[in-house]
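Below is one structure, written out as structure tokens, with a few remarks after it.
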Amino acid sequence: MKSKLRNNSILHRSLLIGLSLVISGSISTVQASDSPFAIAIHGGAGAIKQSKMTPEKRQAYEAKLNEAVSAGYKLLAQGKSSQEAIIAAIQIMEESPLFNAGKGAVYTFDAEHELDASIMNGKTLNAGAVSGVKTVKSPIALAEKIMEESVHVMLSGEGAEQFAKNKGLTLVENNYFNTEHRYNSLLKAKKKLLEKEQELKDFQAAHKTLPTEYKVGTVGAVALDKDGNLAAGTSTGGMTAKRFGRIGDAPIIGAGTYANNDSCAVSATGHGEYFIRYHVAADICARLQYQKIPLAEAADIVINDVLVKAGGSGGIIAIDAKGNIAMPFNSEGMYRASKSSNGQSYIGIFRNE
Ligand code: ASP
């Protein structure tokens, strides 16, 4: 009887404390600051060769990765959504000539730029994607508009550009995306391709011989916000010297981008044809959801086993609903960075960094 009374008074006291916390508004602060939030970004798996990396180049890449990841993190810390955070981070990389997305996008075989992007919201499973646009300054902004203000998931080419114009997005001339270093890459890639095509008498076979650095490079971000919602986004110029309206994995939901609050959010970079066929982003989330294995394990199996056996080079960044982050890649490097509310932040380019 005595102990029942004591328990009752403890209960009473806790209720009073709880009530006063709610009244003072501090309970929501306690809960909010306890909710983990984090962001991870990549600037493509087509990292320049370690042997060609100079301290100046490294510094430039690291500074831009830091700017992008910090911009997204700041929004998350302010209580903004994971969707807003990934857009902010991706747009900083789209505007930088260092990465193959937006300004600095690679050239097609015909010396133009054709851009792809996609976004997915892990709470609603809404998604938006755009492929083959030539004049939209921020393809990720267009993917978001398609997700939120159209009845479709993916728009391509002229229709996508018309939609962007109707929605008041910034349009630019195609040469806005030009950079000298990407043009030089195109010239080198075409020379190699034509030589190999003559030797092998087969363009597809010749294309397979192009070194990885011509094939990969993209930007992407994944995030978990304080409300427990995941989002993923990817934006790219595709592959150097791509032909005939080629679309890669970046705008394909489930291949280059996927997000689901029940499992994880993933953004990929790599040889898109493999990422499409192996449905890489969705496969990682499905393994997590159905096999109940940790994110790092699911991501590692898909990138370093399934894809390696298939011959597909590249990597991914991923985050789960608890804020765990995985960033595996099977290429020589992958520009990547992350920042979490647990105080951990990371920037790396090559292996063992
Ligand atoms: N996945 C992109 C594509 O195939 C390129 C990349 O990520 O490097 O278009």
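Counting convention: from 1, in listed order, for ligands and their atoms alike. Model, not experiment: these values are computed from the prediction. Just so it is clear, the values below take in all heavy atoms, side chains as well, and ignore hydrogens, waters and symmetry mates.
Considering backbone and side-chain atoms together, T218 places an N or O closer than 3.5 Å to an N or O of ligand 1. An N or O contact shorter than 3.5 Å links D249 to ligand 1 by distance. Looking at G270 next to ligand 1, an N or O pair under 3.5 Å apart turns up. Taking distance alone, with nitrogen or oxygen atoms compared against 3.5 Å, G272 approaches ligand 1 more closely than that limit. By the 3.5 Å distance cut-off applied to N or O atoms, H271 is not counted among the residues near ligand 1.
There is no path of hydrophobic side-chain contacts, each under 4.5 Å, that joins Y274 to V308.
Between E195 and K192 there is no salt bridge, since no side-chain N of the basic residue sits under 4.0 Å from a carboxylate O of the acidic one.
Those atoms of ligand 1 that come under 4.0 Å of a heavy atom in T269, given as number and element, are 6 (C), 7 (O), 8 (O). Close approach to G238 involves these atoms of ligand 1, each under 4.0 Å from a residue heavy atom: 9 (O).
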Under the side chain to side chain contact (heavy atoms under 4.5 Å, CB included) criterion, do I284 and Y258 qualify, and how do the steps go?
CA-CA 9 Å; I284 293 171; Y258 196 72; over 6 Å; no

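T108 and E114 are not linked by any side-chain donor-acceptor pair at a separation below 3.5 angstrom, with hydrogens and angles left out of the test.
Relative orientation of the H113 and Y107 rings is tilted, given thresholds of 30° and 60° on the angle between their planes.
Using 4.0 Å as the threshold, R246 has a heavy atom nearer than that to some atom of ligand 1.
Within 6.0 Å of OH on Y176 lie more than 12 heavy atoms contributed by other residues, nucleotides or ligands.
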